[in-house]
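Taking it in order: structure first as structure tokens, then the write-up.
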There are 2 protein chains.
Amino acid sequence: MRENTREAILSAARRTAQARGYGGLNFRDLAADVGIKSASIHYHFASKADLGVAVVKRYREDATIALEAISDEMPDPLSCLQRYTDIFRAVLQNDNRMCMNNFMSAEYSDLPDVVKTEIEAFIDVNVAWIARQLSAASIVPIENSEKRARAVFSAIAGAQLLARGRSDISFYDSAISELRDAGILPSGGD
Amino acid sequence: MRENTREAILSAARRTAQARGYGGLNFRDLAADVGIKSASIHYHFASKADLGVAVVKRYREDATIALEAISDEMPDPLSCLQRYTDIFRAVLQNDNRMCMNNFMSAEYSDLPDVVKTEIEAFIDVNVAWIARQLSAASIVPIENSEKRARAVFSAIAGAQLLARGRSDISFYDSAISELRDAGILPSGGD
DNA sequence: ACCTGAACACCGTTCAAGT
DNA sequence: ACCTGAACACCGTTCAAGT
């Protein structure tokens, strides 16, 4: 027995979802990755929607843990934000992948409602964490931090999306450095 | 005879591509929209890739003309940029649609090469136009205007993408207003 | 010149059947 | 408990056939 087939499906699906989105997920390739037949996936996930929910939910949980780990380890919120943009960069470098949210926000109208809900929760986690760093760094008063965090998150997401659309990571670097120059992202940190 | 079947296909395809992307385009629905059979589309466009190229090419041409019209009519570059963000907002209001580039940058790895090339040309048109407004407004010295324009374009795109992912246009408004507060977008204009 | 039905290999899904 | 083959309606595509 290979540990846990369900987990193997989940992790293969997650990897695909960050490379080609929800629409890019297909049961036959996924099954081949895991070493079972397409029909067998339905034993673990009744429908593609169920698989999608599980993938995004796990993605959100992992992100939540990872972000908490960063802000726990690093006392300096400016360093935390620096690390944050580095993560988006690393994903691009990993075979031109993206944050799953960039795919799913684009695929919004084709997404099952349950998947939409999970994606919104993922966005909330990110925006809340960014808002905390921004107010901790006294960049923005706390009552404006949520609003600013939304702009920061979407600007980073947009930079990642466009860099992918050009297949050019320097587009990302350049956009992020401009955001810092403009002061929408702090330029401190290590 | 209904004017021009090829044009009817193109415009139906464009509308769909702004709602569901390249992957969301399908010959049977498209044919039904136009009032012919699926196989007949291949007479006008040999393959889906050919259709995709034609759609993006037309989209880029239309955008080029529209942007020139704006900067020709409006002497004030700040007003031009205000109009620019208004266009992205209007697209969102039109049934939660998006700039075609937001879909296609996400779908990048599934796009035929010829479509990728067209999308890159579309991005170039937008970035160049934004750069011109930024330097005309003396917001950025001309040698930095291209770099800044890339950041502006991707930030607007990201705001549109996230607003769609939340199905919440106020997300867009809020992000754009933060970009203005931060000075990455000018706050002047009418 | 323009359109069509029928066929192909591909998708998600279902289900009866295996172990 | 977990997996499978076969079938279904759906996709883009091809092609011989219509007008």
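Letters go in sequence order (proteins before strands), and every chain restarts at 1. Computed over heavy atoms, backbone and side chain alike; hydrogens, waters and symmetry mates excluded.
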B/S105 and A/R166: side chain donor to acceptor below 3.5 Å | no

Flag this pair as yes if the NZ/CZ of B/K116 is under 6.0 angstrom from the six-membered ring centre of B/Y108 and inside a 45 degree cone about the axis; otherwise no.
-> yes

Give the nucleotide from the list D/dC3, D/dT13, C/dT13 with an atom nearest to the side chain of A/H44.
-> D/dC3

Roughly how many Å is it from CD1 in A/I36 to C1' in C/dT19, rounded to a whole number?
-> 16 Å

Centroid separation B/Y22 to B/F103 less than 6.0 Å | no

Can you tell if the side chain of A/Y84 reaches within under 4.5 Å of the side chain of A/I156, non-hydrogen atoms only?
-> yes

Across the strands shown, which category fits B/I41 at heavy-atom distances under 4.0 angstrom: base, sugar-phosphate, nothing?
-> nothing

Out of C/dG5, C/dC3, D/dC11, which has the shortest distance to the side chain of B/S40?
-> C/dC3

Taking CZ from A/F27 and C1' from D/dT4, how many angstroms apart are they, rounded to a whole number?
-> 16 Å

Find the distance A/I9:CD1 to D/dC2:P and express it as a whole number of Å.
-> 11 Å

How would you label the contact of A/S47 with the nucleic acid (heavy atoms, under 4.0 Å): base, sugar-phosphate, or nothing?
-> sugar-phosphate

Quick one: label B/L25 by what it contacts on the DNA or RNA (base, sugar-phosphate, nothing), any heavy atom closer than 4.0 Å.
-> sugar-phosphate

Taking the six-membered ring for Trp, are B/F122 and B/Y59 ring centroids under 6.0 Å apart?
-> yes

Would you call A/K147 and B/S177 a side-chain contact if the rule is heavy atoms closer than 4.5 Å?
-> yes

Using whole Å, report how far CZ of A/R28 lies from C1' of D/dA6.
-> 11 Å

Could you check how far CG of A/D110 sits from P of C/dC11, rounded to whole Å?
-> 17 Å

In whole angstroms, the gap separating C1' of C/dG12 from CZ of A/F45 amounts to 16 Å

Nearest-nucleotide pick for B/A39, side chain only, options being D/dT4, C/dC3, C/dA6 = C/dA6

Secondary structure string for DNA chain C (Watson-Crick or G-U under 3.5 angstrom, | for other-strand pairs) = ||.|||||...|||||.||

State whether the side chain of B/Q160 and the backbone N or O of B/F88 hold a donor-acceptor pair below 3.5 Å, judged by distance alone.
-> yes

If only side-chain N and O atoms of B/T5 are considered, is one of them under 4.0 Å from the OP1 or OP2 phosphate oxygen of C/dC3?
-> yes

Could you state the atom-to-atom distance from NE2 of B/H42 to C1' of C/dT4 in whole Å?
-> 12 Å

note: A/Y43, atom OH; D/dC3, atom C1'; distance rounded to Å ~ 9 Å

